[in-house]
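Reviewing the structure listed below.
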Protein chains: 2
Amino acid sequence: MYARTFIEYAFVGGISIASRKEVAILAGVSEATVSRVLNNVGPLKEETKERVLAAALKLGYTPSSLAQSFARRRSGNLGVVMPYLPKARLFSTYYFSEILSGIGSKAREEGYDLLMLFRNADEPMDYNELFKMRKIDACIVLGAKEDLGELASLRRLKEEGHPFCLINQHFEGEAFHEVDADHVEGSWTAVRHLLDQGFTRIAFLNGPASYSNSRDRLTGYLRALEESNLPLDESLLFEGNFSRKSGAVAAKKMLPLLNEIDAIVAANDRMAIGLQQGLQELGIPRDRIPAMVGYDDSDAAELTTPALSSVRVPFYELGEIAVSKVLELQGNSRSEISTPSQVIQIKLPTELVIRASSKSKKSEEE
Amino acid sequence: MYARTFIEYAFVGGISIASRKEVAILAGVSEATVSRVLNNVGPLKEETKERVLAAALKLGYTPSSLAQSFARRRSGNLGVVMPYLPKARLFSTYYFSEILSGIGSKAREEGYDLLMLFRNADEPMDYNELFKMRKIDACIVLGAKEDLGELASLRRLKEEGHPFCLINQHFEGEAFHEVDADHVEGSWTAVRHLLDQGFTRIAFLNGPASYSNSRDRLTGYLRALEESNLPLDESLLFEGNFSRKSGAVAAKKMLPLLNEIDAIVAANDRMAIGLQQGLQELGIPRDRIPAMVGYDDSDAAELTTPALSSVRVPFYELGEIAVSKVLELQGNSRSEISTPSQVIQIKLPTELVIRASSKSKKSEEE
DNA sequence: TCAATAAATGTACGCGCGTACATTTTCTCA
DNA sequence: TGAGAAAATGTACGCGCGTACATTTATTGA
């Protein structure tokens, strides 16, 4: 015997929860009408509306998201894939917390909830499963890199037509939706700034080449040199993994070349700071430490001595835009005439923030 | 006419999705058996199991989480409430990202998904609604503070018997489940350390008193002084809001008292750094800047010059433990004999990390 | 060998909502 | 005033799973 006798209550945590049925009875209408009122669907008599709303209020009725999602076949969740960072923080937390804030802000605005998904570094994540399970309606991928498993996962996602968007990563030759900052420009501006100060031997501490933004930065670096007719000196190119430690390691490598280097551009602030500290610890006097420009304009840039010039990246906005776009895709895909909407590839401008670390010695003395 | 003719497919993103029915047909069993196999319920013939699994694999069948949640009446989501930080970051992001990592790690281990919930600073959040809507099965609250609306919300949550747990906030007289670090001890240790170095005029830059951890830190500070028979000098007590800026503001306030102060304890690293920088900018020579101990042992502590001594807080572990505990509550509440399980109030130990900033001048010269 | 029992599977229905379609009520305008 | 149209509401069913209960099949033990 499954049928409820009359009005029976569902219990959660010891407290009764009213359901649509009870509201309908109290308001003296059908359940469908209750639904209509709450979803504001179809023509409704004003008086009915009020009666239903009053009944709902009185009973403390709130529709179950679970049931709604099920009936609508949409979870209402926006997935956010993050690299799983149990202890090691390869990325600056600044980076993620800013992007997340942007994502959270826009998602809430659009009525979506944020489901956090942590990707293990080793095993690539099966994004498709998440859609098949209906856990998420759309998804934003952070910190992706050019990895075979990753790429395969994303390709399948695209094949199956699931709406997703990458932030800060471009896959060459793959028409993925991507939102990024213009790192070619950002890097170019940083180098340009140093050149303008009279520096010509500019070293470059880049991130891993598996990230497209690293490659973009290199492009910007090369372009700026080229425009000034400066030759590329490959011995001035270094690579770290975005950690402060890797900056310190780079410092050691640079040591023998320090005479040849009068300025350095780093691919993020943490490495730049590692570099600063590393050189200091190696006994380089402060006035011999090359001019420096970091990248991200994180909090940390203002914490060091000297304060670090840095390329500001609009992380918050990246997050916001990614959400907008991916939810647009979501909406479109529901319409029958799903035009194979063109690929979204957005590049936001960066901005150089100049602080003490990149001043030429001359201007410093003034 | 709603009935499906025979096997029709559900479509998502243009790709067909197999359902339990098709698996059942292919395996030649009933739908119930498919469910049993997948959930490993009841006695099952090994051969049947294999047949079903093979069929599921062949069809690429994945149960819909949506339907599962609905049938089970549990979302499988763990809510994480965070203060909504659109642009302003009152808390160090370090704090949150560490806790979140811990929460994420444990939640995944327990098979729960993380649903992020942002609380507006102004309007208190109606946590109950989230449970009523069945969006979350349990919830962890970060960055709560002693605010009337907040307290009321939490009280209702408790009344209605929803499992939740606070991290880093204690409500006096309310039997909430709480996981925290021992800030009395942490603060005590910091002061003790400074006293041991021979400092006796120790200023204290605390956080807002609306956070219980601020009050705990004050207790630790007072206790340490008392134990050394040092009188409390109220003019040495300052308050900031955890931001670097507020540290700089405190620097200004301390300026006239600088002769009376030979060491400072701050309630977090950001304020300590603001203080360091503020004093420097006010023209205080480095060797006149008081010894300093920060709190949190964030990344930033290693970035400053001199490096900042700091009280390490096991944020990651706080997150992990909170999840364990809150999910235990969850489990218990389902059993009929829900013993009014005692209130969980855990305090994890802190650890002082000593760096250059707290060395006495004497030991510095060595 | 045959009941008594246990194992294995099938049948049937609810979870709480959205919504297509059917029905009733109200309005419009000749 | 009455028919036709529009508005308002009701009826009925599915969404895809979990699971209580019923039924069938295999095992056991005297």
Side-chain angles (χ1 to χ4, degrees), chain A residues 1-5 7-12 16-25 27-52 56 59 61-76 132-135 334, chain B residues 1-5 7-12 16-25 27-52 56 59 61-76 132-135 334:
Chain A
M1 196 55 179
Y2 284 84
R4 288 183 170 186
T5 43
I7 295 190
E8 197 173 312
Y9 290 91
F11 284 79
V12 168
S16 72
I17 282 192
S19 78
R20 190 176 67 169
K21 189 177 191 174
E22 290 130 44
V23 177
I25 293 174
V29 297
S30 71
E31 287 192 54
T33 296
V34 175
S35 254
R36 288 196 190 93
V37 170
L38 292 170
N39 296 335
N40 209 12
V41 162
L44 285 166
K45 204 188 280 182
E46 194 55 38
E47 186 248 330
T48 311
K49 222 185 268 188
E50 285 165 13
R51 245 190 15 252
V52 169
L59 294 176
Y61 170 68
T62 311
S64 153
S65 293
L66 243 46
Q68 285 183 324
S69 294
F70 180 55
R72 294 183 178 134
R73 270 157 303 234
R74 302 193 315 109
S75 68
K132 268 209 291 208
M133 294 168 81
R134 309 302 182 84
K135 288 207 171 185
R334 303 196 67 69
Chain B
M1 196 54 181
Y2 284 85
R4 288 183 172 187
T5 42
I7 295 188
E8 198 174 312
Y9 290 93
F11 284 79
V12 168
S16 70
I17 283 191
S19 79
R20 189 176 68 169
K21 188 177 192 175
E22 289 131 44
V23 177
I25 294 174
V29 297
S30 72
E31 287 191 54
T33 298
V34 176
S35 253
R36 288 196 190 93
V37 172
L38 292 171
N39 296 336
N40 210 12
V41 162
L44 284 166
K45 204 186 279 179
E46 194 56 38
E47 186 248 330
T48 310
K49 221 185 268 188
E50 285 165 14
R51 243 187 18 248
V52 169
L59 295 176
Y61 170 69
T62 312
S64 153
S65 293
L66 242 46
Q68 285 182 323
S69 294
F70 180 54
R72 293 182 178 136
R73 273 160 301 241
R74 302 195 314 110
S75 68
K132 267 211 292 208
M133 295 169 80
R134 310 305 182 83
K135 287 205 173 187
R334 304 196 66 69

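Please read all numbers here as calculations on a predicted model, not as lab measurements.
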* Structure fact -> A/Arg73 CZ to C/dG18 C1', in whole Å, measures 8 Å
* Which residue, A/Pro43 or B/Pro63, contacts DNA chain D at a nucleotide closer to its 5' end, judged by nearest heavy atom? -> A/Pro43
* **Spacing between A/Asn39 atom CG and C/dA20 atom P, to the nearest angstrom** => 12 Å
* Write down the distance between CG (A/Leu38) and C1' (D/dT9), rounded to a whole number of angstrom. => 15 Å
* Structure fact -> Atom CZ of B/Arg74 and atom P of D/dG18 are separated, to the nearest Å, by 12 Å
* **Atom-to-atom span, CG of A/Leu66 to C1' of C/dG14 - whole angstrom** => 14 Å
* Write down the distance between CZ (B/Arg20) and P (C/dA12), rounded to a whole number of angstrom. => 14 Å
* Asked: Within this structure, what is the NZ-to-P distance between B/Lys135 and C/dG16, rounded to whole angstrom?
  -> 18 Å
* Asked: Does any donor atom in the side chain of B/Arg20 or B/Ser35 lie under 3.5 Å from an acceptor atom in the other side chain?
  -> yes
* Distance, rounded to the nearest Å, where B/Lys21 contributes NZ and C/dA12 contributes C1' -> 14 Å
* State which of C/dC17, D/dC17, C/dA8 makes the closest approach to the side chain of B/Ser19. => D/dC17
* To do: Tell me what A/Ser35 touches on the nucleic acid: a base, only sugar-phosphate, or nothing, going by heavy atoms under 4.0 Å.
  => base
* For B/Val29, report the nucleic acid contact type (base, sugar-phosphate, nothing); a contact means any heavy atom under 4.0 Å. => sugar-phosphate
* Nearest 0.5 Å, what's the NZ-OG1 distance between A/Lys45 and A/Thr33? -> 11.0 Å
* Would you name the heavy atoms of B/Ser75 and A/Leu66 that are closest together and state the gap between them? => CB-CD1, 3.8 Å
